[in-house]
Amino acid sequence: MSLKYALFTGCVAKGAGRELLTSTNIVCDKLGIELVEMTDAACCGAGVVSEDNAMIADIVNARTFALAEEAGLDIMNICITCQGVHRKCQVKLARDPKYMARVNEALRETTGHEYKGTVKIKHFGNIMLNDYGLDKLKEAVVKPLDTIKAGAFYGCYAMRPHEYSDLAEPDDPDEMERIIEAVGATPVDYSARLKCCGFPIIMMNKKNSLTLSGNAISSAKDAGSDCVITQCPLCHLNMDAYQPEIDSSLNMPIIHIQQLIGLALGISQDELKMNTHIIRPTGAIAAV
Amino acid sequence: MDSVTFRIFRFDPETEDSPRYQDYEYELEPGVTLLNSLNTIRSKQDATIAYRMSCGSAICGSCAMRANGHAVLACKTQTSELVKDGVIQIDPLGNMKVIHDLVVDLEPFWGSLRKVKPYLQPDTTNNPELEREQTQEQFLLIDDVTTCILCGACFSDCNALEVDENFLGPATLAKAHRFIYDSRDSKTEERLEDISELHGVWDCTHCAECSTRCPTETKPLARIEEIREAAMKAGVHGNNGARHVLGFRETVGKSGRLNENYLPPRSVGFFNIPGLLGLLPVGIRMLMRGKNPPLIHHSIDKVDEVKKIFSRFEEYRK
Ligand code: SF4
Ligand code: SF4
Ligand code: FES
């Protein structure tokens, strides 16, 4: 059975991180995963809209879920923050049927949609692991990345709070490392791999925000990583786009996990838009 | 019975130059807590291991420590759940100085709490004859947050505190919530203003470590989100955090998606010249790579549906 998903792009993959959308599309195409972009789905609210008005955020997300249900597809997220916000909203609605009824009533009134609670919310990483399968991914690899040492950076929403996480052991996960291994690269263990990138406070306290991302990059570098692999475009922005302001000597390529897989599938760095990163591929990455 | 290696952090800064780990072999019994295990090791193998404990019932908040790198309440954690490849590593709480082995200096934690005036400030011009009553509904707003046992687990693992010792931290923000949402307190506005300053409620990164580690129903991140909601509703908007939220609402409500060219200047403030200049370097770097968000911001398809939802903003507000 071929795999097909409703692709929730999130805002950043349509804006400052367009290389993420491009590389997701090419990689899925190459693997035979069909994607239907949800062009009518709205921003998940990133946990920000809900701080103003939690119910508005829940109605908007329930609408997104309803759209996928109407299309008969499960949702693929490519941003860990979007998937975290979606999963939290879904759990919240499932736990409180009264509240779900209120949200649905508002949704029906304003848009005519209804959320049934059947859609599954996934993200690219867990689709690779659980739906596509790492054995199949290994078979598709034409260019094993055996010269690359890669540090996985999970992104908070992948793990915390545990109740919304789909990782088997959110306090000590290995899912990203297994994907890194599947494409022939060597995963690097480093102390900051489960930390926060600092992006959510970049507009509120830039110093704290960039100290967090700088610490994470240094930690990966000290452990011998050639690159940091992200699954959230917000982590990517804080570690890549801001890296020259953190410490220009770090020179650490930050790679979306889709791009890492793409390289192993024989897709060129140009096609994967790796040249649009602020930190251009260097060292072992450039040599692939 | 399984044998487990306890790898325990040992350090006496008064007599030793650097910390070390000491291994203890321990026969795991079913149903024991981490605190039970430490007590057994201490009584049978090494009476010099220092840690705090008292109630053994998850109520006094003394026994927080790190197991396998994450803060836990020792008396509320099953030892068997911690074993990883036959080993359990025990460390003192983070973000505080070690006094001896697993005992840390909690003063920064207490100091932070004092900053938010952690006591009721009722309207004394209007003293009731007997007590200040609350309805069940009013109490439920602070029911969860009053379960905090001040164990410091959240303080230990907070990412924002790791890079800024002046950040108020999760338990303190939760304590502030407890009075902001208390119907008997008269200083709500003032508290919201104070807490919206730098190092306050908007400096939390949402890493969710606090809610993940918290052994009670306090769940600080959820309370932080509620404080922000209260601040937004009360019109405490003169800071980057609140402006960020307003900008988010405006752009998503209008186009269904975030306008990344609009939000940053909206957040720092359109008249804040140094703030705006601070945004330039990253903007220019992105422009040079063709990575800048599209200059013409496109709406999602069927944006009218989303606009309609947002048009009921006040109606749906808590
Ligand atoms: S969510 Fe905020 S307060 Fe809680 S641990 Fe993270 S940064 Fe600290
Ligand atoms: S909020 Fe939770 S983790 Fe923090 S001190 Fe209180 S009980 Fe402990
Ligand atoms: S000993 Fe009192 S809370 Fe653990």
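First the proteins, then the strands, lettered A, B, ... as listed; each starts at 1. Hydrogens, waters and symmetry mates play no part in the numbers below; they use all other heavy atoms, side chains included.
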Which atom names give the shortest non-hydrogen contact between B:Arg285 and A:Pro244, and what distance separates them?
CD-CG, 3.4 Å
Decide yes or no on salt bridge (Lys or Arg N to Asp or Glu O under 4.0 Å) for B:Lys308 and A:Glu109, but give the supporting numbers first.
CA-CA 10 Å; B:Lys308 207 152 168 216; A:Glu109 245 174 54; over 6 Å; no
Given a strict heavy-atom distance threshold of 4.5 Å, which part of A:Ala54 is in contact with chain B: side chain, backbone, both, or neither?
both
Please state whether the side chain, the backbone, both or neither of B:Leu198 comes within less than 4.5 Å of a heavy atom of chain A.
side chain
Please classify the contact between A:Lys206 and chain B as side chain, backbone, both or neither, with a heavy-atom cut-off of under 4.5 Å.
side chain
Does A:Arg160 use its side chain to pair, donor to acceptor, with the backbone of B:Ser211 at less than 3.5 Å?
no
With respect to chain A, which residue among B:His297, B:His298, B:Arg213 yields the maximal number of heavy-atom pairs within a distance under 4.5 Å?
B:Arg213
Got a salt bridge between B:Glu209 and A:Lys195, using NZ or NE/NH1/NH2 to carboxylate O under 4.0 Å?
no
Quick one: of B:Glu315, B:His199, B:Arg257, who has the most non-hydrogen atom pairs under 4.5 Å with chain A?
B:Arg257
Can you name the closest pair of heavy atoms from A:Arg18 and B:Pro294 and give their distance?
NH1-CD, 3.4 Å
Check whether B:Ile224 gets within reach of chain A through its side chain, its backbone, both or neither, counting any heavy atom under 4.5 Å.
neither
Interface check, chain B: of A:Leu212, A:Thr211, A:Asp171, most non-hydrogen pairs under 4.5 Å belong to A:Asp171
Measure distances from B:Cys204 to the heavy atoms of chain A and classify the residue's part below 4.5 Å as side chain, backbone, both or neither.
backbone
Side chain, backbone, both or neither of A:Glu37 within contact of chain B (heavy atoms, under 4.5 Å):
neither
Measuring heavy-atom distances to chain A, does B:Val245 have an atom under 4.5 Å in its side chain, in its backbone, in both, or in neither?
both
side-chain contact (heavy atoms from CB on, under 4.5 Å) test vs B:Thr212 passes for just one of A:Glu163, A:Met159, A:His162, namely A:His162
Pick out which of B:Thr205, B:Asp164, B:Asn159 makes a side chain to side chain donor-acceptor pair (under 3.5 Å) with A:Asn208.
B:Asp164
With a 4.5 angstrom heavy-atom cut-off, which part of B:Phe167 approaches chain A: side chain, backbone, both or neither?
neither
Under 4.5 Å, heavy atom to heavy atom: which of residues 269-278 of chain A reach chain B? Give them by number, or say none.
A:Asn275, A:Thr276, A:His277, A:Ile278
Considering only heavy atoms from C-beta outward, does the side chain of B:Arg249 approach that of A:Val49 to under 4.5 Å?
no
Minimum-distance pair of heavy atoms, taken over all atoms of A:Leu237 and B:Met286
CD2-SD, 4.3 Å
Candidate list B:Lys233, B:Arg317, B:Arg243, B:Arg228, test salt bridge (Lys or Arg N to Asp or Glu O under 4.0 Å), partner A:Asp52, passing option:
B:Arg317
What heavy-atom pair brings A:Ala16 and B:Glu260 nearest, and what distance separates the two atoms?
N-OE1, 2.9 Å
Output the distance between atom CG (A:Asp40) and atom CD1 (B:Ile300), rounded to the nearest 0.5 Å.
6.5 Å
So, for B:Phe248 and A:Gly45, which heavy atoms are closest and what is the spacing to 0.1 Å?
CE2-O, 3.6 Å
Can you see whether A:Glu51 engages B:His244 through a side-chain donor-acceptor pair at a distance of less than 3.5 angstrom?
no
B:Arg266 and A:Met203, any side-chain heavy atoms less than 4.5 Å apart
no
Closest heavy-atom pair and its distance - B:His206, A:Tyr157
ND1-OH, 3.0 Å
